[in-house]
Amino acid sequence: MDKVKELINTLKNDHRLDKEDYVFLFENRNKETDEYLFRLADEVRKENFGTDVYVRGLIEFTNVCRNDCYYCGIRAGNTNCERYRLNEREILECCRDGYELGFRTFVLQGGEDGGYDEDDIAHIVMRIRDTFPDCAITLSIGEWERKSYQRFFDAGADRYLLRHETANKAHYEKLHPETMSFEHRMKCLQDLKEIGYQVGCGFMVGSPGQTNETLADDMVFIQDFKPHMVGIGPFIPHKDTPFANEEAGTMELTLFCLGLIRLILPYGLIPSTTALGTISPVGREMGIKSGANVVMPNLSPVKNRKKYELYDNKICTGEEAAECRGCLSNRMNSIGYQIVTSRGDSPLMTK
Ligand code: 5AD
Ligand code: FES
């Protein structure tokens, strides 16, 4: 059998490969081997999760950010970005709307906004915890000190998403200004795991400077770190960033990475992302068919949506939460899967 398929089989059995084998896979994959991978990845996801797709209600509560990541549309240096913040009452209203639509996980995502201090975040988490005791709370608010992460956890947060962006230090430094540190980001991920969060890392596919080598580093990092969740989507340029003229990542390579990650993490919670839905009208459906098992419709107020533009042409910026919920249900049903409303905790956690 061809070596690509052999390596894919090995990955399915062992959930790990050496770095050079990943490089070989990225260099030698073709349409046929991609199909082979997607079939195995879909089998593994069905063994562990059937045809269920978990939903997370995404609340983009602030687009203010102190950082200047070269790829991101809400970077501090983008003076064309109109900034907004939701207050605690507005966030709770989003949760209430979401709860009525059947959401049992809320993801609070925002830029690294100094306008909310540790007390503010802890208070917001506590209020959601008290008001919706049967829901999971996920934070996605960037890098904080360990004691703050601990405080949010004690206040009732269950999960934390912090994409590592790339597991290769030299590549990390091409994507971020000097004020940001690769080591610190990795330290944050370690702290989050030790505290007891269900942790998500992730990266963009096709980001400037990414190579088969750096992608192999990402796979090795994921198999060693064993996150509960992995968020990946294609890089898409944003017109007001230093990467405005760079090329977007492709759907094919994104799906390939999703398939590999499903074989590395048979129990992983892996979203089919909005970015994937942005580069192709059927991107999210294809993501699910290649091993993903989560979708994250937007619960943010429609009036703010357009302002949380991490990349150009982001979809779902004009639709109400209920519309996205209905749209995604139909999309999942059309490919033989269905959205479920349970919390969808990692099967590897007992908390
Ligand atoms: N294209 C695709 N994804 C992006 N992100 C930020 N900017 C872009 C972009 N231009 C991703 C990053 C970040 C997550 C919230 O969104 O990986 O961690
Ligand atoms: Fe938002 Fe389809 S998911 S409109």
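Counting convention: from 1, in listed order, for ligands and their atoms alike.
Considering Tyr70, Phe243, Tyr71 as possible partners of His176, the one that fulfils the ring pair (Phe, Tyr, Trp, His ring centres under 6.0 Å) test is Tyr71.
For His238, no nitrogen or oxygen atom sits less than 3.5 Å from a nitrogen or oxygen atom of ligand 1, counting backbone and side chain alike. At least one N or O atom of Tyr71, backbone or side chain, sits closer than 3.5 Å to an N or O atom of ligand 1. In terms of N/O distances under 3.5 Å, ligand 1 is not approached by Tyr311. In terms of polar-atom proximity, Phe235 is not counted as a contact of ligand 1, lacking any N or O under 3.5 Å from an N or O of the ligand.
Aromatic ring centroids of Phe221 and His164 lie under 6.0 Å apart. Taking the six-membered ring for Trp and the full ring otherwise, the centers of Tyr160 and Tyr149 sit less than 6.0 Å from each other.
Side chains of Thr105 and Arg159: a donor on one and an acceptor on the other come within 3.5 Å. For the residue pair Gln223 and His15, no side-chain donor N or O sits within less than 3.5 Å of a side-chain acceptor on the partner. Residues Arg127 and Thr131 bring no donor and acceptor atom of their side chains to less than 3.5 Å of each other.
At a 4.0 Å heavy-atom cut-off, ligand 1 touches Pro234 through the backbone alone. Counting heavy atoms under 4.0 Å from ligand 2, residue Glu320 does not touch it at all.
Between Asp240 and Arg75 there is no salt bridge, since no side-chain N of the basic residue sits under 4.0 Å from a carboxylate O of the acidic one. Salt-bridge formation is detected for the pair Glu213/Lys19: a Lys NZ or Arg NE/NH1/NH2 atom is positioned less than 4.0 Å from an Asp or Glu carboxylate oxygen. At a threshold of 4.0 Å, the pair Arg16-Asp224 counts as salt-bridged, since one of the basic side-chain nitrogens sits closer than that to a carboxylate oxygen.
Given atom 17 (O) of ligand 1, the protein heavy atom at minimum distance is Glu165 OE1, 2.7 Å. When hydrogens are left out, the protein atom nearest atom 16 (O) of ligand 1 is Leu310 CD1, 3.4 Å; that is the closest non-hydrogen contact. For atom 2 (Fe) of ligand 2, the nearest protein heavy atom (residue, atom name, distance) is Cys327 SG, 2.2 Å. If you check which protein heavy atom lies closest to atom 8 (C) of ligand 1, you get Met204 SD, 3.7 Å. Protein heavy atom nearest atom 9 (C) of ligand 1, with residue, atom name and distance: Ile236 O, 3.4 Å.
Between the side chain of Asp120 and the backbone N or O of Asp117, at least one donor-acceptor pair lies under 3.5 Å.
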Going through the checks in order, is the ring pair (Phe, Tyr, Trp, His ring centres under 6.0 Å) test met by Tyr116 and Phe61? CA-CA 11 Å; Tyr116 303 82; Phe61 72 101; 5.1 Å; yes

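Less than 4.0 angstrom separates some heavy atom of Cys72 from each of these atoms of ligand 1: 7 (N). For ligand 2, the atoms lying closer than 4.0 Å to a non-hydrogen atom of Leu328 are 3 (S). Close approach of ligand 2 to Cys316 is summarised as follows: ligand atoms under 4.0 Å from at least one heavy atom of the residue are 1 (Fe), 3 (S), 4 (S).
Not a single heavy atom of Glu323 sits closer than 4.0 Å to an atom of ligand 2. In this structure, Arg284 counts as a contact residue of ligand 2, since one of its heavy atoms falls inside 4.0 Å of the ligand.
Within the coordination shell of atom 1 (Fe) of ligand 2, defined by N, O or S atoms under 2.8 Å, Cys324 is present.
With Arg163, Glu246, Glu309 as candidates, the residue nearest to atom 11 (C) of ligand 1 on a non-hydrogen basis is Arg163.
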